[in-house]
Protein chains: 2
Amino acid sequence: MAKTDTKTKILDTAERLFAQKGFDAVSLRNIIEAAKVNLAAVHYHFGSKQTLLHAVVSRRLRPVNEERLAMLAEARAKAGKRKLKLEMVLESLFVPVFRAQASHKSGGSFTRLIGRVVFDRNTELQKFMVSELAQVIIQFSRAFDEALPGLNKTEMDWRSHFMAGAMAHTLCNADLLASFTGTDAGADGYETTVQRLVDFTAAGFRAKVST
Amino acid sequence: MAKTDTKTKILDTAERLFAQKGFDAVSLRNIIEAAKVNLAAVHYHFGSKQTLLHAVVSRRLRPVNEERLAMLAEARAKAGKRKLKLEMVLESLFVPVFRAQASHKSGGSFTRLIGRVVFDRNTELQKFMVSELAQVIIQFSRAFDEALPGLNKTEMDWRSHFMAGAMAHTLCNADLLASFTGTDAGADGYETTVQRLVDFTAAGFRAKVST
DNA sequence: CATTTATTCAAACGACTGTTTGAAACAGCC
DNA sequence: GGCTGTTTCAAACAGTCGTTTGAATAAATG
């Protein structure tokens, strides 16, 4: 118990602080102070600050990505020979990450972190993210092609891009919605949020391509 | 000429570097080295690093916001007594900021910066942004209500949020699209990008609200 | 038990941070 | 010319940064 205690304390605290303030704005000393561990413990367990970030992201993102692929496979199985339904593909992409926020009582700090990571310009981190997301990207871009057989590749790429932006912004800046508009982002469960996001992005994917 | 030369050299260089690496990751010494000015000049002209960021953002964002409001007013005038058209509202929001990228040959660094700023968690910066965007938010949320009379407030807030995410992500991470999919973001002019973004978000706004 | 391995700790490393200072260099004006 | 106000400059300030070190402690193994 005591062996991994320090390790997870560091992970939990780093996750919370990175999500709150961003990677560069949080120092290792901020983390070890809040986690009440020794400074050298970070390097002993993780090697460097950058590797710590990778560990923080990976711990949460890996199960999420596995569940995404599992849900997509299930959607495929359920469709059988029929065409894959766009809404189910989108749900497979959204539900695991939004549910992780609700279930794991990290106070939503980790989804904020994942959302933020997408927008962070950190060359090391981006390489890491690409490798972590590789399978998901491959499988889901294929799924989108199947669900929207008529759409040409360029349009598909752009619309996937827009969809990713809407998703990341929602994960990362849900509190902005409250401050700007007064609407409380966490008022309903994650299911309602996902439903809204699916409605919006599905309609966007299906929009008539203007000439 | 020499009087404002240092000032604009600092602004230009800071804009480029902030957009490339983010606010925290760039030091004042990085900036003054690239701009070939003295370190103290930053504080002489701008007071602090934070105020420099405000100046960098404001210089570009202010004219963009003015043009946004002007385009919206023009769209209103053109509509006359008819209902405001959603696509024209969206264009009024997108065109100025995307055109600024193309016209001002900053290499698109400033739109990346503006996109990034939306996602940055910097309390000081967020307060500043809210004040800079206040008028735009008020006017455009009213316009969206007019263009979509049937939609209730909560749904409207969420969809505006999704739309903002798609926009910010496109401004900030256009290069990601190239690296992930191979589609070159800058292949066509900004008009095509705006058109695609309008198509996507307009359809999202108009999506049937699922029960 | 002793001995080896894993983990914690305080202290220091050199480098870098934003900011301040006070003296130079420059401008425009009488 | 001298003088005033603006702008530049090198140097230093007081911290903080990520990282390393070597000894002290805890746990595990024989």
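First the proteins, then the strands, lettered A, B, ... as listed; each starts at 1.
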Exercise. Under 4.0 Å between a Lys/Arg side-chain N and an Asp/Glu carboxylate O for R99(B) and E191(B)?
Worked result: no
Can you tell me how far [atom2] of [N] sits from [atom1] of [X], to the nearest Å?
X: Y44(A); N: dA10(C); atom1: OH; atom2: C1'; result: 17 Å
X: K7(A); N: dA27(D); atom1: NZ; atom2: P; result: 17 Å
X: F46(A); N: dG18(D); atom1: CZ; atom2: C1'; result: 16 Å
X: I10(A); N: dT8(C); atom1: CD1; atom2: C1'; result: 11 Å
X: K36(B); N: dT8(D); atom1: NZ; atom2: C1'; result: 17 Å
X: F23(B); N: dG18(C); atom1: CZ; atom2: C1'; result: 10 Å
X: D24(A); N: dC16(C); atom1: CG; atom2: C1'; result: 14 Å
X: I31(B); N: dT17(C); atom1: CD1; atom2: C1'; result: 13 Å

Exercise. How would you list, by chain and number, every residue that makes a ring pair (Phe, Tyr, Trp, His ring centres under 6.0 Å) with H169(A), sequence neighbours excluded?
Worked result: F119(B), H161(B)
Find every protein N or O atom lying less than 3.5 Å from an N or O atom of nucleotides 19-23 of chain C, and list the pairs.
residue : atom : partner : partner atom : Å
dT19(C) : OP2  : H43(B)  : NE2          : 3.0
dT19(C) : OP2  : K49(B)  : N            : 2.9
dT19(C) : O5'  : H43(B)  : NE2          : 3.3

In chain order, what residues pass the side-chain hydrogen bond (donor to acceptor under 3.5 Å, both in side chains) check against [X], with sequence neighbours excluded?
X: Q126(A); result: none
X: R159(B); result: none
X: R142(B); result: none

For this session: For the residue pair N65(A) and R68(A), confirm or rule out a side-chain donor-acceptor distance under 3.5 Å.
Result: yes
Exercise. Judged by modelled atom types alone, do N30(B) and S27(B) share a side-chain donor-acceptor pair under 3.5 Å?
Worked result: yes
Seminar exercise, completed: Symbol by symbol from the 5' end, with Watson-Crick or G-U pairs under 3.5 Å, [ ] crossing and | another strand, DNA chain C is ||||.|.|||||||||||||||||.|..||
Below 4.0 angstrom from OP1 or OP2 of [N], is there any side-chain N or O of [X]?
X: S27(B); N: dC16(C); result: no
X: N38(B); N: dA10(D); result: yes
X: H45(B); N: dT8(D); result: yes

For this session: Would you please classify the geometry between the F205(A) ring and the F200(B) ring as parallel, tilted or perpendicular, with 30° and 60° separating the classes?
Result: perpendicular
Problem set entry | Parallel, tilted or perpendicular: ring planes of F140(B) versus F144(B), cut at 30 and 60 degrees | tilted
